[in-house]
Amino acid sequence: MRTRVRVRGWRWRRNPLRRRCDVVEAWTVLVVAVLLLVVAPLVGVAAGLHIQDRDAATAAARRAARHRVSATVSGDPPAVRVERGHLHRAEVRWTEPGRGTRTAWTRVPAGARTGDTVAVWVDSRGRVAAAPPSGTEVLQHAVTIGVGAAVCAGGVVFLGHAVARRIALRHRLAEWERAWAHTGPRWTQPRA
């Protein structure tokens with residue numbers, strides 16, 4: 001029975017069998033580990049924070065430019081199969097001070113019937129607008145972008161590592177070829 005012994009850190013120690021490409025590969029592995037464990041998460045955090053700041057500012061600007069009104073569903077929503085509270089479109093009516101009664105088509109919660117009161121967001125011109133994103137939506141978007149950026153950064157690191165290993169392998173094979181060209185004739189010469 002043979003026992004295999006795995007020696008850790010052999011590329012770092014002084015050893016007559018250690019080649020230059022072994023040292024380069026060891027440093028490459030160390031750099032890749034630091035990039036994956038430190039830099040990739042920092043890239044994700046930075047991207048997420050940037051997106052959160054941008055989206056929070058956009059949401060605040062939308063909240064400032066729009067206001068919420070209570071509207072009454074005036075038209076029958078289409079008779080569609082509704083699952084888990086999805087929204088559908090219906091005609092709504094609301095009254096704005098100084099502007100009179102207005103009507104528009106907008107999304108209403110599933111199950112809303114004629115006469116039900118729903119919340120509608122309206123812009124400064126009195127047109128129905130989408131609700132500004134909530135803090136939860138902003139956070140979810142920031143986390144998604146942050147995780148995506150970290151994964152992409154990790155992918156770039158892995159791709160760079162694969163390229164570096166490929167180059168190191170080519171150099172290692174070239175070194176072996178040169179060493180064999182030097183040593184091979186002594187081994188293959190006929191002895192007299």
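Computed over heavy atoms, backbone and side chain alike; hydrogens, waters and symmetry mates excluded.
For R107, the CZ atom sits in a loose shell: 12 or fewer heavy atoms of surrounding residues, nucleotides or ligands are nearer than 6.0 Å.
Every residue two or more places apart in sequence or in another chain was checked for a side-chain contact (heavy atoms from CB on, under 4.5 Å) with S124, and none qualifies. Under the rule for a side-chain contact (heavy atoms from CB on, under 4.5 Å), the partners of V39 that lie at least two apart in sequence or sit in another chain are L35, V43.
Distance CZ/R66 to CH2/W121: 9.0 Å, rounded to 0.5 Å. If you take CH2 on W176 and NE2 on H171, they are separated by 14.5 Å, rounding to the nearest 0.5 Å. Atom OG1 of T72 and atom CD of E91 lie 11.5 Å apart (nearest 0.5 Å).
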Could you walk me through whether R166 and V163 pass the side chain to side chain contact (heavy atoms under 4.5 Å, CB included) check? CA-CA 5 Å; R166 178 78 177 214; V163 169; 5.6 Å; no

Identify each donor-acceptor pair in which a side-chain atom of residues 134-162 lies under 3.5 Å from a protein atom, sequence neighbours left out, and give them as a table.
{"from": "S134", "atom 1": "OG", "to": "E137", "atom 2": "N", "distance (Å)": "3.3"}
{"from": "E137", "atom 1": "OE1", "to": "S134", "atom 2": "N", "distance (Å)": "2.8"}
{"from": "H141", "atom 1": "ND1", "to": "D55", "atom 2": "OD2", "distance (Å)": "2.5"}
{"from": "T144", "atom 1": "OG1", "to": "Q140", "atom 2": "O", "distance (Å)": "2.8"}

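Proximity of a side-chain donor or acceptor of R62 to a complementary backbone N or O of A130 within less than 3.5 Å is not detected. In terms of modelled atom types and a separation under 3.5 Å, the side chain of R127 and the main chain of V122 share no donor-acceptor contact.
R102 and R125 make their closest contact through NH1-O, 3.6 Å (heavy atoms, listed as atom of the first residue, atom of the second, distance). Closest non-hydrogen pair, W94 versus S70, comes out as CB-O, 3.6 Å. Minimum heavy-atom separation, V120 to T106: CG2-CG2, 4.2 Å. Between G126 and E96 the shortest heavy-atom distance is CA-OE2, 3.8 Å. When all heavy atoms of R63 and P132 are compared, the pair lying nearest together is CG-CG, 3.4 Å.
Evaluated for a side chain to side chain contact (heavy atoms under 4.5 Å, CB included) with V92, the options V108, T117, V69 yield exactly one hit, V108.
Contact annotation: the side chain of P109 approaches that of V118 to within less than 4.5 Å [non-hydrogen atoms, C-beta and beyond].
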